[in-house]
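Below is one structure, written out as C-alpha cells; the observations come after it.
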Amino acid sequence: MLKINHPVGSCMALVLILLVLAVPVASYISIPVSGRIYIDDPRYSAPAVGVLGSKVNITIYTAGENFTIDEVVLIAPNLSYSSSGDDVEILEVGYLSKDYMYVTIKLSDKIKSELYDVVVKGSIGEERAELLSPRSLWVLSKWPSVLKVYHVSDIHIGLFLDGMTSSERYKIHTMLANALPEVNVIFCTGDCVDVGSDVSSLKDFYLVTNQLRKPSFIVPGNHDHAQVHSLNEFLQTYYGRYIGKPYWVRAFGNFTIIGLDTGSEGYLDVAQLNWLKEVLDKYANKTTIILLHHPVFNYPGEYTGTYENLNPLMSKFYSSWRNNFNSLRQLMELIETYPSVVAVFSGHVHRDAVAIYNGKTWFITTTTACAGRPYYRGFRLVYIYANGTVSIKVPKGKDLFSDESAFNTELLENTRIHRNDNMSVYIHYIHMDKAFGLEIGDAPLYFYVNASLPATAYRFYGDVGSIKNYSVLHYGNYLIYKVVTDLLPGSDFKLILASFNDTAPPKVSIGLVSPSKPVAGRHQVLVMIKASDIGWGLRSVKLLYRVEGEESWNEIKAISMGADRYQAVVPPLNTSSVIIKAVAEDWAGLRSESSEHKINYVQPVTTTTPATTTTTTPYITTTSVSTTPATTTTTTTTEIPTTTTPTTTTPTTSLIPTTTTSSLTTPTTTSSPPTTSQTTTGVQRPQGPPMGLVAGIAIVILLAAITIAYILRRK
C-alpha cells in the first residue's frame, strides 16, 4: 500500500483512516500531508500529457530535505509500469531550488494509452517514502485531433440545497462524464468548494474527482479563496495542497490549455497577464484554450470590438472586469493579438452564456453544477478541434445564445451513488427523467470494492437484467467492476455490487425534540433522529407528521449530520398537537418506523396594546407610556439636536419569554423570566427567594453530603 511518510504518528493514522473511509481508489489516492514532501507537478487538476516516447517532467516539493529517488512507477487499473524495468526510463534528476527538485522520465513504446497515477519512491535519510499524484499523466497513442469537453463549474462542495448535498450532485457528474463516450476531457472552472478553508470539503472534492477515469483540468474560483488569509495558506494548506496550482499550462499536440486564477476579486493581476503573454508567445501556433472562473462577457451574443476602444461593449462585460479596466483591456489585447485563442471557459454567474467575439473567440460560460441557481443546474458538451473549430452541443429545442443552453442535470437528481464504509458494497441507482436530452448507449459504470475479498465473493443484486456485460479491474487494494449498460431517458434501475446479502432492516428512533412545547403558529420544531443499518446502508431517512384531527401524514426529508445522526424540521403549525414518527429505508428495500411521539403546542395569548401618547418639543421629546391599573405612568426624557418623531414603545406581555426563534441546527433557547413580571391584568406574581440564598443552601447541602459519605466510608 502506498503512503506518504510523516514523522507525526497521528498524521499517519489519519491517512490510514482515509484509506478505509475514502473512495475505493484510496489505496493510491492518499491525501497529501502538509509539512512533508509531495509531488507538486503534475497533479490531477492539470495532468501532464504525452505519447509513446515522450519526456515527462515531475516536480517534487522537498521542504528543504534531501530526497533520494529510487524508482518511478505509473499505475492505472490493470496496468503498472516501472523504471525498475524497461518501461519507464529516468533520464535526469536535479534541483530547481532548495525546496524543489525534478525528475525527467521517458515513456517507452510499450505503455498503453491510459490515465495514470504517478508514484515516486525514494528515501529521506533512512526513512522510506512513496509520493503519489493520482490521475496526473495522460498517455496517448497519438496526439488528439479533437478535445471533447465535459464542462462543469461551481461545484461548491459543502452545501446542502433542495434536499441534496453538493457532493451527491457532483457524483452524478462524475458518473455522466465517465459514461459519455464522446467525452475525453473534463474542464472545471472554479468554486470547487464553498469555503476555501474547509478541509473536509477539499478532501471530498479531491476524492470524488479522482473517481473520474478521464483527465480533468481545474482552476480555482472566488469561493476557493474564501476565508483563506494568505497566499501561502492558499498554496500550502488549502487549494494547493488538495487540488493543485492556481495557474498552469499544458501544451500537447496541436493544443494548449491554459488555466488562470481570477482570485477573489474577479480579474487577472499583472503577474498572470505577463505570464500569459509569455505562454501565448511560446505556443503561438497551437489551438489555445483558456480556463478562468469569472466570465469576461456577462451576456450571450455575438460581439465585434477592439481593445483600443472597449467603451461600446462595457455594458456587456462582467462587473469585476469593468471595475478593473486595465486588466480587462490587457486580456482583450492578448486575445485579439493571438488568433490562436479560440475558446475561453468560465462559470461563476450560475447561468449559461455563450458570446462570440470578432467571429473567432468563443467565451463559454456554464451554469452551476451543484449550487444555488437562478435557472437550473447542468453541464456543457463542447468540441474543440485541432484546426481551431469550436462546436457546442445544445439540447434539442434550446438556443445556443439563451440562458438555458446546457444539459439539465436536475433531471437526474434522484440518481444516487453509494458505498458502505468498508468498501464491500457499491451501489448505482439511476433515475433519468424522460426529458433528459441525451441517450447514452453502452455506458460504463464503475463499482469500486475492497480487494481484501476475492472477486468470487462479490455478486450483483437489484436490476441485474440491465447489465449488458462487465469486467473486473485490479487497482491497488481495490477491485473496479466496469459494468456496461444503457443510460436512456426514462431509465430507472438499481445495481448493487456486494459481498453479502442484506436481510436485516434498519434501526430508527426519535431523540431530542426542541422546543418541547412550541408556540402554535410561531415555532418550528427541530427533531433529532438516530438511524443506522448494518447491511448495505440507508437509502433514506424521513420524518412523518400528522396534525391533530387529520388522517394523512406529511413527509420531511431528514438531513444527515454524520455518525448515524439525522435532523428534520417541522414548520410552524397552527395546531394544538401533532404526532411525529421517523421512517428509515435501506438499499435492500427494508423499512423500519420509530414509535410515535406527540408534540403539544402552547396557544399564543392575544394581548391588548396599551395606549401611548407622545409629546414633541423643539429640542426635547417626551414619551408617556400608559399601563393598566395598579401601575404608575413612567416618563422618559431624551435630549436630541433636532425635532424628530420618536418610536412608540409598548410593554410586551406573553405567556412565553421574548426569545422564540428556533434554529435549524440547534435547539431553541429562551431567557428565564424575571422574578417579578406583569400579567395581562397587571397583578404582580409572588417574588421567589433571592438567588444568593438558594446558592448558599445548595452549597451547605452538598458539603453535608460529602461529609456523611466520608464518615460512612471510614466506618
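For the pair Leu115 and Pro215, the tightest heavy-atom approach, listed with the atom from each and the gap, is CD2-N, 3.7 Å. Nearest heavy atoms, Ala406 versus Tyr376: N-OH, 2.8 Å. Across Thr209 and Ser216, no two heavy atoms sit closer than the pair CG2-OG, 4.0 Å. Of all heavy-atom pairs between Ser315 and Arg322, the closest is O-NH1, 4.3 Å. Listed here is the closest heavy atom pair of Ser45 and Gly244: OG-CA, 3.5 Å. Scanning both residues, Val219 and Thr189, for their nearest heavy atoms gives CG2-CA, 3.7 Å.
Residues Tyr267 and Asn323 bring no donor and acceptor atom of their side chains to less than 3.5 Å of each other. Checked by atom type, the side-chain pair Glu336/Tyr357 shows a donor-acceptor distance below 3.5 Å.
Note that OG1 of Thr415 and CD1 of Ile430 are 5.0 Å apart. Values are rounded to the nearest 0.5 Å. For the atom pair NE2 of His173 and CG of Leu212, the computed distance is 11.5 Å after rounding to the nearest 0.5 Å. Taken from CG in Leu543 to NZ in Lys557, the straight-line distance is 14.0 Å, to the nearest 0.5 Å. Note that the CG atom of Leu328 and the OG atom of Ser320 stand 9.0 Å from one another [nearest 0.5 Å]. Atom OG of Ser346 is separated from atom CD1 of Ile364 by 9.0 Å, given to the nearest 0.5 angstrom. Atom OG of Ser391 sits about 5.5 Å away from atom OH of Tyr385, to the nearest 0.5 Å.
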* To do: Kindly determine whether Phe297 and Phe317 satisfy ring pair (Phe, Tyr, Trp, His ring centres under 6.0 Å), including the steps that lead there.
  => CA-CA 4 Å; Phe297 284 95; Phe317 294 121; 4.9 Å; yes
* To do: List the steps, then state whether salt bridge (Lys or Arg N to Asp or Glu O under 4.0 Å) holds for Glu182 with Lys393.
  => CA-CA 11 Å; Glu182 61 260 49; Lys393 189 171 184 177; 3.5 Å; yes
* Asked: Taking it one step at a time, do Lys434 and Asp492 satisfy salt bridge (Lys or Arg N to Asp or Glu O under 4.0 Å)?
  -> CA-CA 10 Å; Lys434 291 182 179 180; Asp492 190 348; over 6 Å; no
* Taking it one step at a time, do Asp40 and Lys245 satisfy salt bridge (Lys or Arg N to Asp or Glu O under 4.0 Å)? -> CA-CA 8 Å; Asp40 180 67; Lys245 292 180 174 297; 2.7 Å; yes
* **Check against side-chain contact (heavy atoms from CB on, under 4.5 Å), Thr256 and Ile289** => CA-CA 6 Å; Thr256 303; Ile289 304 156; over 6 Å; no
* Asked: Should Ser167 and Asp204 be marked as a side-chain hydrogen bond (donor to acceptor under 3.5 Å, both in side chains) after you check the CA-CA gap, both sets of side-chain angles, and the distance that decides it?
  -> CA-CA 7 Å; Ser167 181; Asp204 201 8; 2.9 Å; yes
* Go through the steps to decide whether Met175 and Ile417 satisfy the test side-chain contact (heavy atoms from CB on, under 4.5 Å), and finish with yes or no. => CA-CA 9 Å; Met175 181 271 293; Ile417 293 95; 4.2 Å; yes
* **Evaluation steps, salt bridge (Lys or Arg N to Asp or Glu O under 4.0 Å), between Arg377 and Glu413** => CA-CA 10 Å; Arg377 303 178 182 96; Glu413 286 205 343; 3.4 Å; yes
* Could you walk me through whether Tyr247 and Trp275 pass ring pair (Phe, Tyr, Trp, His ring centres under 6.0 Å), step by step? => CA-CA 10 Å; Tyr247 59 96; Trp275 175 83; 5.0 Å; yes
* Asked: Yes or no on ring pair (Phe, Tyr, Trp, His ring centres under 6.0 Å) for Phe493 and His431, after CA distance, side-chain angles and deciding distance?
  -> CA-CA 7 Å; Phe493 62 87; His431 181 86; over 10 Å; no
* Evaluate the criterion side-chain hydrogen bond (donor to acceptor under 3.5 Å, both in side chains) for residue pair Asn414 and Tyr429; output intermediate values, then yes/no. => CA-CA 8 Å; Asn414 287 326; Tyr429 170 60; over 6 Å; no
* Hey, mind stepping through Asp154 and His348 against side-chain hydrogen bond (donor to acceptor under 3.5 Å, both in side chains) and telling me if it holds? -> CA-CA 6 Å; Asp154 297 83; His348 182 65; 5.1 Å; no
* What do the steps show when you test Lys286 against Phe255 for side-chain contact (heavy atoms from CB on, under 4.5 Å), and what is the final call? -> CA-CA 5 Å; Lys286 292 180 181 290; Phe255 292 99; over 6 Å; no
* **Candidate pair Leu291 and Phe217, rule side-chain contact (heavy atoms from CB on, under 4.5 Å), full reasoning** => CA-CA 9 Å; Leu291 310 185; Phe217 296 87; 4.0 Å; yes
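Using a 4.5 Å heavy-atom threshold, the side chains of Leu334 and Leu280 count as touching. Taking 4.5 Å as the limit, every side-chain heavy atom of Ile467 sits out of range of all side-chain heavy atoms of Thr485. Using a 4.5 Å heavy-atom cutoff, the side chains of Leu310 and Met332 are in contact. Residues Ile392 and Val354 have side chains in contact (heavy-atom distance under 4.5 Å, counting atoms from C-beta outward). The closest side-chain heavy-atom distance from Asp198 to Asp194 is not below 4.5 Å.
Other residues, nucleotides and ligands contribute at most 12 non-hydrogen atoms within 6.0 Å of the CG atom of Asn285. Remark: Lys542 NZ is loosely packed, at most 12 non-hydrogen atoms of other residues, nucleotides or ligands lying under 6.0 Å away. Within a 6.0 Å radius of NZ in Lys214, more than 12 heavy atoms belonging to other residues, nucleotides or ligands are found. Within a 6.0 Å sphere centred on NZ of Lys468, other residues, nucleotides and ligands contribute more than 12 heavy atoms.
Comment: Arg329 does not engage Glu308 in a salt bridge, judged by the lack of any side-chain N to carboxylate O separation of less than 4.0 angstrom. Using a 4.0 Å cut-off between charged nitrogen and carboxylate oxygen, Arg250 and Asp41 count as a salt-bridge pair. Using a cutoff of 4.0 Å between basic side-chain nitrogens and carboxylate oxygens, Glu410 and Arg373 are scored as salt-bridged. A salt bridge is absent between Asp117 and Arg135: the closest approach of a Lys/Arg side-chain nitrogen to an acidic carboxylate oxygen does not fall below 4.0 angstrom.
In this structure, Tyr426 and Phe447 have perpendicular ring planes: the angle between them is above 60°, well past the 30° mark. Ring orientation note: the planes of Tyr170 and Phe205 are close to parallel, at an angle under 30° on the 30°/60° scale. Relative ring orientation between Tyr242 and Tyr206 is described as perpendicular, the plane-to-plane angle rising above 60° on a 0-90° scale split at 30° and 60°.
Between Val569 and the choices Ile556, Val525, Leu526, the side-chain contact (heavy atoms from CB on, under 4.5 Å) rule is met once, by Leu526.
If you look at His151 and Phe187, their ring centroids are not closer than 6.0 Å. His293 has its ring centre no less than 6.0 Å from the ring centre of His225.
Both tests do not hold together for Arg380 against Tyr150: distance to the six-membered ring centre under 6.0 Å, angle to the ring axis within 45°.
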